[in-house]
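Positions are given from 1 along the sequence.
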Amino acid sequence: MQKLMGQVAWFVLVGCTAAATHWLVVVATVSLLGLAPLLANVAGWLIAFCVSFAGHYTLTFKHQGAPLGQALRRFFAVSAVGFGVNEAAYALLLHTTPIRYDVLLALILIAIAVLTFVAGRFWAFRQAPQKKNTA
């Protein structure tokens, strides 16, 4: 139980750092470069993915022993699916609610975090089981 609580604590710290990175990149590119929020969201996700993977691989899920290449591929898949849900929800809600784009993005990032933890813990960073030698 203590290992799980430590893992959750690291996940929250790394996740908040990545989410803050994502949010700041979006707000900066919208404000300073005039990009549309949905396009800025892609840039934010790509940069935040690097922060998220580095933190989760070295801190949150390090004890699970997944090889780097496998973890990177799997976590990218998890992150891409999460981003797809994020972008679809963001697009829909940007056009159907009066909520400001930055507040809306913060709410969506929080909602996606749970999915990312579960998928990361039980699949992306899990070491493949070793095959038994029956000879």
Side-chain angles (χ1 to χ4, degrees):
M1 184 63 154
Q2 187 177 12
K3 186 180 352 180
L4 177 61
M5 296 316 311
Q7 199 173 44
V8 168
W10 278 119
F11 181 82
V12 169
L13 180 64
V14 170
C16 286
T17 302
T21 300
H22 187 147
W23 188 86
L24 286 169
V25 168
V26 171
V27 171
T29 55
V30 168
S31 300
L32 301 174
L33 301 177
L35 288 180
L38 287 174
L39 184 57
N41 196 32
V42 175
W45 169 67
L46 288 171
I47 293 169
F49 171 80
C50 297
V51 171
S52 184
F53 179 77
H56 290 318
Y57 187 76
T58 59
L59 300 169
T60 309
F61 300 112
K62 69 181 176 184
H63 74 279
Q64 291 190 220
L68 178 65
Q70 172 190 300
L72 181 60
R73 286 187 307 276
R74 288 181 173 186
F75 190 68
F76 185 82
V78 167
S79 184
V81 167
F83 178 71
V85 171
N86 166 320
E87 189 76 342
Y90 197 36
L92 176 70
L93 294 171
L94 278 171
H95 297 294
T96 60
T97 69
I99 302 171
R100 287 188 353 220
Y101 80 93
D102 52 344
V103 173
L104 190 57
L105 180 60
L107 295 172
I108 291 169
L109 291 174
I110 292 166
I112 297 296
V114 174
L115 167 73
T116 303
F117 178 78
V118 171
R121 185 169 196 276
F122 293 106
W123 184 65
F125 293 99
R126 181 171 223 126
Q127 185 175 15
Q130 301 296 319
K131 294 185 180 200
K132 294 182 181 182
N133 187 355
T134 58

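Contact annotation: the side chain of Asn86 approaches that of Leu105 to within less than 4.5 Å [non-hydrogen atoms, C-beta and beyond]. In this structure, the side chains of Tyr57 and Val14 stay at 4.5 Å or more apart for every pair of heavy atoms. At least one side-chain heavy atom of Val85 sits less than 4.5 Å from a side-chain heavy atom of Ile112.
Once rounded to the nearest 0.5 Å, the distance linking CD of Gln7 with CG of Leu59 reads 11.5 Å. Here the CD atom belonging to Gln64 is positioned 8.5 Å from the CZ atom belonging to Phe122, to the nearest 0.5 angstrom. Put simply, CZ on Phe83 and CG on Leu46 are 7.0 Å apart, with the number rounded to the nearest 0.5 Å. Atom CZ of Phe53 and atom OG1 of Thr60 lie 11.0 Å apart (nearest 0.5 Å). Separation of atoms OG1 (Thr17) and NE2 (His22) is listed at 14.5 Å; rounding is to 0.5 Å.
Note on Leu109: it clusters hydrophobically with Ile99, by side-chain heavy-atom contacts below 4.5 Å among ILVMFWY residues. Put simply, Val118 and Val81 are part of two different groups of oily side chains (I, L, V, M, F, W, Y) that touch within less than 4.5 Å, one to the next. Residues Leu39 and Val27 fall into different hydrophobic clusters, defined by Ile, Leu, Val, Met, Phe, Trp and Tyr side chains chained together at heavy-atom separations under 4.5 Å. Residues Phe11 and Leu72 fall within the same hydrophobic cluster, defined by Ile, Leu, Val, Met, Phe, Trp and Tyr side chains chained together at heavy-atom separations under 4.5 Å. Under a hydrophobic-cluster definition in which Ile, Leu, Val, Met, Phe, Trp and Tyr are linked whenever side-chain heavy atoms come within less than 4.5 Å, directly or via other members, Val30 and Leu104 are assigned to the same cluster.
Closest approach of Pro37 to Leu94, counting heavy atoms only: CB-CD1, 4.1 Å. Nearest heavy atoms, Ile108 versus Ala89: CD1-C, 4.0 Å. The two residues Leu4 and Phe117 have their closest heavy-atom pair at CD1-CZ, 4.2 Å. Closest of all the heavy-atom pairs between Val78 and Ala124 is CG2-CB, 4.2 Å. Summarising the geometry of Asp102 relative to Arg100, their closest heavy-atom pair is OD2-NH2, 2.8 Å, with the distance given to 0.1 Å. Nearest approach of His56 to Gly15, heavy atoms of both residues: CE1-N, 4.1 Å.
Note on ring orientation: taking the six-membered ring where Trp is involved, the planes of Phe75 and Phe125 are tilted (angle from 30° to 60°).
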Note to self: Using the rule given for side chain to side chain contact (heavy atoms under 4.5 Å, CB included), can you reason through Trp123 versus Arg126, listing the C-alpha separation, both sets of side-chain angles and the distance that settles it, and then say yes or no?
What the structure shows: CA-CA 5 Å; Trp123 184 65; Arg126 181 171 223 126; 5.8 Å; no
Check: Which is it for Trp45 and Phe76 under the ring pair (Phe, Tyr, Trp, His ring centres under 6.0 Å) test, yes or no, and what are the steps along the way?
Finding: CA-CA 11 Å; Trp45 169 67; Phe76 185 82; 5.6 Å; yes
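Under a 3.5 Å cut-off, the side chain of Thr29 and the backbone N or O of Val26 do form a donor-acceptor pair. Within the 3.5 Å criterion, the main-chain N or O of Leu93 finds a donor-acceptor partner in the side chain of Thr97. Put simply, the side chain of Tyr101 never gets that close to the backbone of Leu38: no donor and acceptor are under 3.5 Å apart.
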